[in-house]
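As the structure lists them, so they are numbered: ligands from 1, and atoms in each ligand from 1.
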Amino acid sequence: MATSQNYKAQRNTRVRNLLLAIHPGKVPAANLRFTHTFGLGGMALVILLLQVFTGILLRFHYDATPAGAYQSIQFIQNNIVFGQLFRNIHYWSGMFLIVISFLHLLRVFLSGAFLPPRHWNWVIGIVLFLLVVFINFTGYLLPWDQLSYWAVTVSTSMLDYVPLVGQGIKELIRGGAGVGAETLTNFYTFHTAVLPGLITIFLVWHFWKVRKNGGVILPRNTTEEGLKLTDTYPHLVNREMVVALALLAFILVFSLFFDAPLLEKANPAFSPNPAKSPWYFQGIQELLLHFHPVFAVLIIPFLLLAGFTLFPFFNYKNATGKLDFTAATFKPIIVLPVLTGLVVTPVLVLVDEYLLHFQQHTTAIPSWISEGLFSLLFLAGLTWAFVVFIRLKFSKKKIDIVLALFILFTTAYIVLTLIGTFFRGEGMQLIL
Ligand code: HEM
């Protein structure tokens, strides 16, 4: 009896020591509140681990050649015990990982945790987010069916529009002019070795930074009681376990009901109509229908990404990590850009689709000016009017303006993604 108790005590100490290598021994009580982080960073980690586990299982039977890839996926689904289920889990959790990392990014932003001293962790986070998107994208090609083949063909073709280096980069990624055997080898190597390695490095760096910055930012309105330190083990760890188990249960049930898509085998000679990129690039594909290609695939995404990455460095006077969510101005600064993005984006898409035909009236002007520069300046003018309105009606603080712009552009990109995914049919025509 005594030996078994001794054993249990030793085991508990070992588990605690392992977990305390990641967490500090004690954390402020206020940081245990679920609604402060919603456990989103932890969820992203759980999904990453699940991806590694299911990915290794799939690798045992996957054949990364155009002749064998599709058949090997069929074999996994039909002949391996739980093969279909493991493929479903790997596919769906890959999609959930993008959504959850994005929600984590939003939570970090809205709780002001992107401000110094956490600014470099924000930048590391942006890199992690891009890596998560690219690991998903490289995995997308592997089933080698019509859906994946043409999605990758369409997405990589967008690089053609990047001046000077675009075509070179496209051929480097594809391993040749078209999407073929070399592309599959490249994508497979990136998906199963290069990107997991990079994600591991950035993840370790990310966690180290969270600890170095004194743990997760304190919630706004933290009371004296909330500042009191409490034992990480079991209080925080138990909560994390509950979130992890609930998430795993959700993914399992979802994967039992919904199969990962697999169309007919890739046919390079027959392009489906419409041929669409994966959903997370649909926003860019939609922009391509309205802007000169260089603006759609390079200038606008670059400006947005640079803006999002550099937000923390804008030197906000008196802005501490704790954004004042209780201020009278706070709600409108969130609600107004969401509403504006929801209404104005579809209106602009419709107007451009049915009313404006800029190029027809301005044939003497090069299209990069009429459909690129003019359109961008027009959008910049609208954004400026929006900022003036916020300043006059709600707040002149730089941090509030940045918040509003972040929410506006994020909403606009989500709306473009939804339009591209659900409202574009044959020939990329708008459909209901
Ligand atoms: C694979 C993706 C990611 C994983 C696994 C991950 C994991 C985590 C975890 C576990 C935490 C601490 C607890 C929490 O906030 O939930 C955290 C905090 C943080 N993350 Fe991430 N993260 C990821 C992506 C990102 C992204 C995309 C960003 C933003 C661009 C970001 C920025 C931050 C920052 C600034 C903190 C500190 C938050 C604070 O102090 O409140 N992370 N991350």
Side-chain angles (χ1 to χ4, degrees), residues 19 21-24 27-28 30-52 55 93-137 139 195-220 222 226 232 235-237 239-244 246-247 280 304-313 319-323 325 402-403 406 409-410 413:
L19 291 165
I22 306 169
H23 289 306
V27 287
N31 277 349
L32 295 181
R33 216 185 290 158
F34 175 69
T35 48
H36 178 45
T37 63
F38 298 94
L40 289 161
M43 284 194 211
L45 178 64
V46 170
I47 296 188
L48 274 172
L49 295 175
L50 185 64
Q51 288 296 81
V52 173
S93 28
M95 299 299 171
F96 294 149
L97 181 58
I98 295 189
V99 177
I100 285 180
S101 324
F102 179 71
L103 292 177
H104 170 58
L105 183 156
L106 271 187
R107 182 303 276 172
V108 166
F109 192 79
L110 290 177
S111 52
F114 66 102
L115 290 168
R118 293 174 172 77
H119 49 313
W120 283 110
N121 215 12
W122 169 261
V123 177
I124 296 171
I126 295 273
V127 175
L128 267 173
F129 184 69
L130 294 178
L131 289 174
V132 162
V133 169
F134 284 118
I135 202 166
N136 194 299
F137 179 60
L195 291 170
L198 285 175
I199 288 180
T200 309
I201 294 169
F202 277 91
L203 213 55
V204 171
W205 198 2
H206 193 56
F207 290 153
W208 175 71
K209 277 276 185 196
V210 173
R211 278 203 70 168
K212 198 163 165 272
N213 294 330
V216 174
I217 194 170
L218 281 168
R220 69 202 148 98
T222 300
T232 301
H235 301 296
L236 176 62
V237 173
R239 285 169 170 77
E240 287 177 335
M241 291 303 156
V242 170
V243 171
L247 177 72
Y280 35 86
L304 286 179
L305 187 63
F308 281 13
T309 312
L310 297 178
F311 272 155
F313 300 88
T320 63
K322 285 191 210 165
L323 296 184
F325 286 68
V402 162
L403 262 177
F406 179 86
F409 293 136
T410 305
Y413 192 81

Problem set entry | R118 N/O to ligand 1 N/O under 3.5 Å | yes
For this session: For atom 35 (C) of ligand 1, grab the closest protein heavy atom and report residue, atom and distance to one decimal in Å.
Result: V108 CG1, 3.4 Å
Exercise. Taking all non-hydrogen atoms of both residues, which atom of G215 and which atom of R118 are closest, and how far apart?
Worked result: O-NH2, 2.9 Å
For this session: Could you check which of L218, L236, V216 puts a non-hydrogen atom nearest to atom 13 (C) of ligand 1?
Result: V216
For this session: State, with a plain yes or no, whether a side-chain heavy atom of R211 is found less than 4.5 Å away from one of F207.
Result: no
For this session: Mark the output for F114 as yes if a heavy-atom distance to ligand 1 is under 4.0 Å, and as no if none is.
Result: no
Exercise. Quick one: does F102's side chain get under 4.5 Å of V132's, heavy atoms only?
Worked result: no
Exercise. To the nearest 10°, what's the angle at atom 21 (Fe) of ligand 1 between atoms NE2 (H104) and NE2 (H206)?
Worked result: 170°
Exercise. What protein heavy atom sits nearest atom 27 (C) of ligand 1, and how far away is it?
Worked result: G125 O, 3.0 Å
For this session: Using a strict cut-off of 4.0 Å, indicate which atoms of ligand 1 neighbour a heavy atom of A44.
Result: 4 (C), 5 (C)
For this session: Please work out whether any backbone atom (N, CA, C, O) or any side-chain heavy atom from C-beta onward of I126 is under 4.0 Å from ligand 1, and answer side chain, backbone, both or neither.
Result: both
Exercise. Hey, looking at atom 7 (C) of ligand 1, which of G215, P219, G41 has the closest heavy atom?
Worked result: G41
Exercise. Where does I217 meet ligand 1, judged by heavy-atom distances below 4.0 Å: at the side chain, the backbone, both, or neither?
Worked result: both
Exercise. Within less than 4.0 angstrom of ligand 1, does R107 place any heavy atom?
Worked result: yes
Exercise. Do the side chains of W122 and L115 get nearer than 4.5 Å, heavy atoms only?
Worked result: no
Exercise. Which one holds for V132 and ligand 1: side chain close, backbone close, both close, or neither close, with close meaning a heavy atom under 4.0 Å?
Worked result: side chain
Seminar exercise, completed: Here the gap from L195 atom CG to L130 atom CG, rounded to the nearest 0.5 Å, amounts to 11.0 Å
Problem set entry | Short side-chain to backbone donor-acceptor contact, T232 and P24, under 3.5 Å | yes
Problem set entry | Where ligand 1 meets L45 - atom numbers and elements under 4.0 angstrom, heavy-atom basis | 5 (C)
For this session: For the residue pair L50 and L247, establish whether any side-chain heavy-atom pair is separated by less than 4.5 Å.
Result: no
Exercise. Hey, is F102 touching ligand 1 through its side chain, its backbone, both or neither, going by heavy atoms under 4.0 Å?
Worked result: neither
Problem set entry | Heavy-atom pair of closest approach, residues G94 and N136 | O-ND2, 2.9 Å
For this session: Run the numbers for me: atoms of ligand 1, each under 4.0 Å from some heavy atom of A113, listed by number.
Result: 35 (C), 38 (C), 39 (C), 40 (O), 41 (O)
Exercise. Which of the atoms in ligand 1, numbered in the order shown and given with their element, are less than 4.0 Å from a heavy-atom of L203?
Worked result: 4 (C), 5 (C)
For this session: Provide the number and element of each atom of ligand 1 under 4.0 Å from a heavy atom of L105.
Result: 27 (C), 29 (C), 30 (C)
Seminar exercise, completed: Logged contact type for I199 with ligand 1, heavy-atom cut-off 4.0 Å, is neither
Exercise. Between L48 and ligand 1, which part of the residue brings a heavy atom under 4.0 Å of the ligand: side chain, backbone, both or neither?
Worked result: side chain
Exercise. Is it true that F311 and F109 have ring centroids separated by less than 6.0 Å?
Worked result: yes
Problem set entry | Shortest non-hydrogen contact from L128 toward I199 | CD2-O, 4.0 Å
For this session: Report yes or no: does a heavy atom of F109 sit under 4.0 Å from some atom of ligand 1?
Result: no
Problem set entry | Side chains of L236 and N31 in contact at under 4.5 Å (non-hydrogen atoms) | no
Problem set entry | S111 to ligand 1, any heavy atom closer than 4.0 Å | no
For this session: Name the orientation class of the two ring planes belonging to F34 and F38 (parallel below 30°, tilted from 30 to 60°, perpendicular beyond 60°).
Result: perpendicular
For this session: Pull out every atom of ligand 1 sitting under 4.0 Å from any heavy atom of F129, numbered as shown with elements.
Result: 27 (C)
Problem set entry | Contact check, side chains of L218 and P28, non-hydrogen atoms, under 4.5 Å | yes
Exercise. Does a side-chain heavy-atom distance below 4.5 Å link W120 with F313?
Worked result: yes
Exercise. Which ligand 1 atoms does F207 reach within 4.0 Å, using its non-hydrogen atoms?
Worked result: 7 (C), 8 (C), 9 (C), 10 (C)
